[in-house]
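Have a look at the structure below, then the notes.
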Amino acid sequence: MRELALHILDIAENSISAGATRILISVEENLQTDRLVIDIEDNGKGMDAETLARITDPFITSRTTRNVGLGIPFFKAAAESCEGLFKIQSRPGKGTTVKAEFKRSHIDRMPLGDLAGTLQTLIIGTSDVHWIFEYRINDEVFRFDDEPVKKILDGVPLSDPSVMRYIREALRTGIDELRQEANLPNTN
C-alpha cells in the first residue's frame with residue numbers, strides 16, 4: 001500500500017468483518033517526539049491467544065475470498081521499517097486494538113494519504129457501525145463522532161448526497177485546520 005489511510009481502511013474492514021459495532025480510529029502526530037501513532041480499536045468478536053500469536057503470518061486469514069491475509073503483515077512491516085513498532089491486543093468477545101507507531105520523519109514512512117476520503121467511505125458504507133475518529137497534532141485534537149450526526153438526520157440515509165458532502169467536508173475541514181495550525185501541508 002502506498003499510503004497509511006489505505007492501511008487504516010484495511011484494518012477497519014477487518015473490524016467490520018469481526019462484527020464490530022463501535023470502531024475508534026486515532027491518528028496522532030507528535031512533532032516534538034517525531035512520532036506518528038495510529039490506533040484502531042473495535043468491539044468485535046476478538047481473537048484467542050493462538051490466533052493472535054499467528055495474526056502477522058500472511059498465510060493466516062479469516063477471509064474466504066483468498067488464502068492469504070497481507071494487510072496486517074504489511075502494516076506491521078511498514079511501521080517496523082520506519083523505526084516504529086506494531087502491537088495487537090485482543091480478547092475473545094471483547095474486541096481488538098491495533099497500534100502502529102512510526103518515526104514521523106523517517107524517509108520511508110508512507111504519507112498519511114486521504115484520511116477524510118477513507119473515513120467517509122467507512123462511515124457511509126457501514127451506517128450500522130458507530131465511528132469515532134480522533135486526529136491529534138501535539139496537544140490539539142479534532143474529533144468526529146458519527147452518532148450525533150445520525151441522530152440529527154432522523155432517518156435520512158448517510159448515502160444521501162448532501163449528507164455525504166457534509167461528512168466529507170466536516171472531516172476534511174477538521175483535519176486541514178489542525179494541520180494548518182501546526183504549519184503542516186494538507187494531506188490532500
Side-chain angles (χ1 to χ4, degrees), residues 1-18 23-42 47 51-63 65-90 96-123 125 131-144 168 171-188:
M1 293 187 208
R2 293 181 297 192
E3 59 184 48
L4 294 172
L6 295 177
H7 282 288
I8 292 170
L9 178 65
D10 184 69
I11 301 300
E13 286 176 341
N14 291 345
S15 295
I16 295 164
S17 295
I23 301 173
L24 168 64
I25 297 173
S26 170
V27 177
E28 179 179 357
E29 294 190 67
N30 189 312
L31 306 181
Q32 283 82 34
T33 62
D34 196 25
R35 304 307 284 180
L36 175 100
V37 180
I38 297 172
D39 281 301
I40 302 163
E41 177 184 326
D42 72 51
M47 293 175 273
T51 304
L52 188 60
R54 301 180 313 153
I55 199 67
T56 57
D57 181 338
F59 298 104
I60 301 298
T61 182
S62 61
R63 294 179 190 233
T65 55
R66 61 180 191 240
N67 295 327
V68 293
L70 298 175
I72 290 175
F74 280 172
F75 198 26
K76 180 179 186 285
E80 292 176 347
S81 69
C82 296
E83 298 177 38
L85 59 88
F86 186 84
K87 292 181 182 175
I88 298 180
Q89 296 177 318
S90 188
T96 301
T97 300
V98 174
K99 177 179 184 171
E101 184 175 332
F102 303 79
K103 179 178 181 181
R104 190 180 168 281
S105 64
H106 197 283
I107 193 165
D108 291 329
R109 184 185 62 81
M110 296 174 206
L112 278 173
D114 186 4
L115 286 175
T118 296
L119 293 163
Q120 179 198 26
T121 299
L122 290 167
I123 292 167
W131 292 96
I132 302 168
F133 171 67
E134 291 181 350
Y135 180 58
R136 180 180 300 272
I137 300 178
N138 299 330
D139 295 327
E140 300 297 319
V141 65
F142 164 69
R143 189 171 203 266
F144 183 88
R168 184 172 182 94
L171 290 164
R172 185 167 305 286
T173 300
I175 292 167
D176 288 350
E177 285 179 357
L178 214 55
R179 294 187 68 80
Q180 288 168 7
E181 287 176 24
N183 292 318
L184 296 174
N186 291 337
T187 56
N188 276 314

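Source: prediction; values computed, not measured.
Under 4.0 Å is where a charged nitrogen must lie from a carboxylate oxygen, and between R172 and D114 at least one such pair does. E29 and R179 are joined by a salt bridge, as a carboxylate oxygen and a charged side-chain nitrogen come within less than 4.0 angstrom of each other. Looking at E140 and R136, no side-chain N of the basic residue comes within less than 4.0 Å of a carboxylate O on the acidic one, giving no salt bridge.
A pairwise comparison of heavy atoms in A5 and G113 identifies CB-C, 4.2 Å as the closest pair. Considering all non-hydrogen atoms of both residues, E134 and R143 come closest at OE2-NE, 2.8 Å.
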Derivation and outcome, side chain to side chain contact (heavy atoms under 4.5 Å, CB included), residues W131 and L122: CA-CA 8 Å; W131 292 96; L122 290 167; 3.8 Å; yes
Test side chain to side chain contact (heavy atoms under 4.5 Å, CB included) applied to F102 and L85, step by step: CA-CA 7 Å; F102 303 79; L85 59 88; over 6 Å; no
Evaluation steps, side-chain hydrogen bond (donor to acceptor under 3.5 Å, both in side chains), between S81 and D108: CA-CA 7 Å; S81 69; D108 291 329; 5.7 Å; no
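Between the CD atom in E3 and the OG1 atom in T118 there is a gap of 6.0 Å [rounded to 0.5 Å]. Atom-to-atom distance recorded for I88:CD1 and N14:CG is 9.0 Å, nearest 0.5 angstrom. Here NZ of K103 is found 10.0 Å from SG of C82. Values are rounded to the nearest 0.5 Å. In this structure, CG on N30 lies 10.5 Å from CD1 on I137, to the nearest 0.5 angstrom. The distance from the CZ atom of R104 to the CD atom of E28 is 11.5 Å, given to the nearest 0.5 Å.
The aromatic rings of H7 and F75 lie parallel to each other, with less than 30° between the two planes, well short of the 60° mark. The aromatic rings of Y135 and F133 sit parallel, their planes meeting at an angle under 30°, below the 60° perpendicular limit.
Between D42 and T97 the shortest side-chain heavy-atom distance does not fall below 4.5 Å. Residues L171 and L115 are not in side-chain contact: their nearest non-hydrogen atoms beyond the backbone lie 4.5 Å or more apart. Looking only at side-chain heavy atoms (C-beta outward), I132 and I23 stay at 4.5 Å or farther from each other. Taking 4.5 Å as the limit, every side-chain heavy atom of E101 sits out of range of all side-chain heavy atoms of L36. Using a 4.5 Å heavy-atom cutoff, the side chains of D39 and I25 are not in contact. Contact annotation: the side chain of F74 never approaches that of D10 to less than 4.5 Å [non-hydrogen atoms, C-beta and beyond]. Counting heavy atoms from C-beta outward, L24 and I40 have side chains that stay 4.5 Å or more apart. Residues M47 and T96 form a side-chain contact, since some pair of their non-hydrogen atoms from C-beta on lies under 4.5 Å apart.
Residue Q180 qualifies as enclosed at atom CD: its count of foreign heavy atoms under 6.0 Å is above 12.
A donor-acceptor pair under 3.5 Å is formed between the side chain of D34 and the backbone N or O of S105. T121 places a side-chain N or O within donor-acceptor distance of the main-chain N or O of G117, the cut-off being under 3.5 Å.
Scored by the side-chain hydrogen bond (donor to acceptor under 3.5 Å, both in side chains) test, Q120 finds R168 as partners (sequence neighbours excluded). In this structure E181 satisfies the side-chain hydrogen bond (donor to acceptor under 3.5 Å, both in side chains) test with no other residue, sequence neighbours excluded.
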